[in-house]
Structure formats: C-alpha cells, structure tokens
Q: 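Sharing a structure here in structure tokens format.
No hydrogens, no waters, no symmetry mates; every other heavy atom, side chains included, goes into these values.
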Amino acid sequence: MASLTFQSLLLAGAYITLTTAAQIDTQLVGTWSTKSGKVLTGPGFYNPINDSFIEPSHTGISYSFTADGFYETAYYRAIANPTNPECAQGLIQWQHGTVVMNDDLSLTLTPFGVDGRQLQSDPCSELKKSTYTRYIQSETIKKWQVYVDPYTKLTRVDLYRFDGSPMHPMFQAFNPPQMLPTITMNPTTAAPSATGNAKRDAGHRYDLPLNKNVLKRDATSTPLVHRIDLNMLWWAGVGMTIFGGAAYLM
C-alpha cells in the first residue's frame, strides 16, 4: 500500500466532503454504538496506515453517518458453536462508503469496495490462526427511528435490516461523528476479486487472506472471545446458584 499519513487522508477527506451534495436526515448524523459503548467507528477500531484492527474490550456494533452522505460501520461479534462451546468464533468487520436516503426514507449503504476488512478467528480450525480478508458488503436499512430512550434518557437509534428485522439498539456516542476520512484509503490497481450488491445477512464477499498486521496487539495472544474459560464460568454459575439458595433459606 502506498505510504500515507493521517494528515493527507484528512485533507483529502475534507476535499471530498466539500464536493459532495448528498444529504440524509440530520437525526441520523453522529456515531452510534450498542449498549457496551466499547465498539466505536474511527481510528480506535481500524488503523488504515498499518492496515490493522484494534481489538475492543467488548463485543458490539457501531454506525456513523454524516449529513452529506457518508457512513462507517464497525462490528465485533462472537459466533457461538452450540455443539462445541470451546469453538466459538470471533468476527471483526469494518467498512465505510456512501449512504443514500431513498424516497421511502430507507437507506442504501454502498461501501468503498477495496477498503472493507474482516478478521475471523476460529480456535478449532486446522491452522488455528485468524484469517484477515478484504470485505465487501452493501447494506439496506429498510426503516429507522431516532428518539430519546425512556429508560436510559439517551438518544437512541433503531435500525431495521432489509427484511424488516431489528438490529441491536444503538445510542449516540458522538455528534459530529467519529470517523476515518471519507475516501478510499487503500487504493489498488487491480479490481477486487469479489464484488456485488448483496444485502447484509444475505451473504458476504471477500478476497483471499491478506494475512498481515491484523491486530494491534501481540500476535501470539488470543482474542477476547477465546480468553474466557468456559468451564470456570459454568462452575462459577453453579456456585452462585448454591450461594443464592443458601442465603434465601437463612
């Protein structure tokens, strides 16, 4: 990848912003994050200079929108394995691109195809290593609503997928949004081997592994989702149940 600096990226992003006319509802503008608030878009999640992820301390989702039609998403999820709990997978995804508000107020999110990244860790795979790939996934938000949550008193956004199913509720963390520059940051002379206009949760596309600086931490360390001793967690639950029962009878 060509040598870049954050200063040059910011300048280029400012130029693109000034020359873009697309608009979305101002209610959506800002950075939104699920309840833990540990997953946030911006340079604290993905470093485009080193092409690496910074692993959050908790799982979660974050979306950011600008008034002039750009977005960014950050996902950190644990994928359970019911047949073998010790084989739970960790999945980190990042994308950014343009967002259009349609006549029916739905949102169409189109990523900058060469910039998206995905890191998938599977402790039970044959290689027992994480796989780092280019990730390309367009998305349709069928409907949305912004309001003050009656319980937390925080500004909340509810997003609904293309099929109408709700996403986890998110709360506003920043306004203006915390985002990386709204330009293609990893240009390539070759077209990506996987392209398309799929909807999220309806399949995804990604290139062959990049296998480089995937996480900004010790490469020999284990992702958070795999550092939990499930046996210890189970016994702790049993102990708390017994203690609670004894306390009730006293």
Side-chain angles (χ1 to χ4, degrees), residues 6 9-10 13-14 16-18 20-48 53-78 91-112 115-117 135 137-183 199-201 224:
F6 276 117
L9 288 173
L10 288 171
I16 296 296
T17 298
L18 290 173
T20 303
Q23 298 287 325
I24 67 169
D25 195 304
T26 55
Q27 293 183 84
L28 287 166
V29 174
T31 293
W32 308 85
S33 180
T34 46
K35 191 174 182 180
S36 73
K38 300 299 183 182
V39 176
L40 296 165
T41 57
F45 186 81
Y46 172 67
N47 185 334
F53 281 119
I54 298 92
E55 182 185 20
S57 58
H58 293 81
T59 57
I61 301 171
S62 180
Y63 276 66
S64 286
F65 300 101
T66 68
D68 55 351
F70 293 99
Y71 81 97
E72 185 174 325
T73 60
Y75 278 70
Y76 181 28
R77 292 176 285 187
L91 187 66
I92 302 178
Q93 295 170 332
W94 178 87
Q95 286 195 128
H96 71 158
T98 59
V99 55
V100 173
M101 179 169 286
N102 304 305
D103 292 340
D104 61 357
L105 302 185
S106 65
L107 304 174
T108 300
L109 281 59
T110 305
F112 299 139
D115 274 358
R117 295 291 186 268
Y135 181 76
Q137 180 67 76
S138 62
E139 187 171 3
T140 297
I141 304 297
K142 185 175 183 178
K143 61 180 181 176
W144 54 271
Q145 64 178 118
V146 176
Y147 58 99
V148 175
D149 184 88
Y151 179 74
T152 65
K153 308 303 180 184
L154 300 174
T155 303
R156 167 175 166 171
V157 65
D158 293 340
L159 302 179
Y160 296 82
R161 301 181 182 90
F162 71 97
D163 60 357
S165 60
M167 298 174 61
H168 289 291
M170 287 177 275
F171 301 89
Q172 191 171 71
F174 299 102
N175 190 7
Q178 175 180 275
M179 299 170 64
L180 287 164
T182 54
I183 59 170
K199 299 180 178 67
R200 186 178 290 279
D201 298 326
L224 173 68

Q: Cut-off 3.5 Å, no hydrogens considered: what does the side-chain donor-acceptor table look like for residues 34-42, sequence neighbours left out?
A:
| residue | atom | partner | partner atom | Å |
| --- | --- | --- | --- | --- |
| T34 | OG1 | I61 | N | 3.0 |
| T34 | OG1 | I61 | O | 3.4 |
| S36 | OG | K38 | N | 3.3 |
| S36 | OG | T59 | O | 3.3 |
| T41 | OG1 | S64 | OG | 2.6 |
| T41 | OG1 | Q178 | O | 2.7 |

Q: Can you confirm if the NZ or CZ of K143 lies within 45° of the ring axis of Y160 and under 6.0 Å from the centre of its six-membered ring?
A: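 The answer is yes; both the distance and angle limits are met.
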
Q: I'd like to know if the side chain of R161 reaches the main chain of K142, judged simply by a donor and an acceptor atom lying under 3.5 Å from each other, with no hydrogens or angles considered.
A: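 No: the side chain of R161 does not pair with the backbone of K142.
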
Q: The criterion is side chain to side chain contact (heavy atoms under 4.5 Å, CB included); which residues satisfy it with Y147, sequence neighbours excluded?
A: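 Residues passing side chain to side chain contact (heavy atoms under 4.5 Å, CB included) with Y147: Q145, P150, R156, D158.
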
Q: Are the side chain of W144 and the backbone N or O of L105 linked by a donor-acceptor pair below 3.5 Å?
A: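 Present.
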
Q: Taking atom types as modelled and ignoring hydrogens, do the side chains of Q95 and Y75 form a donor-acceptor contact shorter than 3.5 angstrom?
A: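 No, because no side-chain N or O of Q95 sits under 3.5 Å from a partner of the opposite role on Y75.
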
Q: Locate the shortest heavy-atom distance separating Y63 from L109; write the atom from each residue and the value.
A: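 Residues Y63 and L109, closest heavy atoms: CE2-CD2, 4.0 Å.
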
Q: Can you tell me how far the CD1 atom of I92 sits from the OH atom of Y135, to the nearest 0.5 Å?
A: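 I92 CD1 to Y135 OH: 13.5 Å, rounded to 0.5 Å.
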
Q: With rounding to the nearest 0.5 Å, note down the distance linking CD in E139 to OG1 in T110.
A: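 Interatomic distance, E139 CD to T110 OG1, rounded to 0.5 Å: 10.5 Å.
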
Q: Enter the distance from F65:CZ to T31:OG1 here, rounded to the nearest 0.5 Å.
A: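 Rounded to the nearest 0.5 Å, the CZ-OG1 separation comes to 10.0 Å.
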
Q: If I compare all heavy atoms of D149 with all of F171, which pair ends up nearest, and what's the gap?
A: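 In this case the closest contact between D149 and F171 is CB-CE2, 3.9 Å.
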
Q: Taking all non-hydrogen atoms of both residues, which atom of Q23 and which atom of M101 are closest, and how far apart?
A: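 Reported closest heavy-atom pair: O-CB, 4.3 Å.
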
Q: Would you name the heavy atoms of Y76 and E55 that are closest together and state the gap between them?
A: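 That would be OH-OE2, 2.9 Å.
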
Q: Name all residues meeting the side chain to side chain contact (heavy atoms under 4.5 Å, CB included) criterion together with D104; count only those two or more places apart in sequence or in a different chain, and write none if there are none.
A: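 Here the qualifying residues are N102, S106.
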
Q: Rounded at 0.5 Å granularity, tell me how far CZ in F45 sits from CG in L180.
A: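 Nearest 0.5 Å value for the CZ-CG distance: 10.5 Å.
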
Q: Run the ring-centre check on F112 versus H96 and record whether the distance is less than 6.0 Å.
A: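 Yes, the ring of F112 comes within the 6.0 Å limit of the ring of H96, centre to centre.
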
Q: To the nearest 0.5 Å, what is the distance between OH on Y71 and CD1 on I141?
A: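 Y71 OH to I141 CD1: 9.5 Å, rounded to 0.5 Å.
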
Q: Look at the side chain of S62 and the backbone N and O of W32, then say whether any donor-acceptor pair between them is shorter than 3.5 Å.
A: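 Side chain of S62 to backbone of W32, a donor-acceptor pair under 3.5 Å: yes, one is there.
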
Q: For the CG atom of L28 and the CG atom of L159, what is their distance to the nearest 0.5 Å?
A: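 Between atom CG of L28 and atom CG of L159 there are 7.5 Å.
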
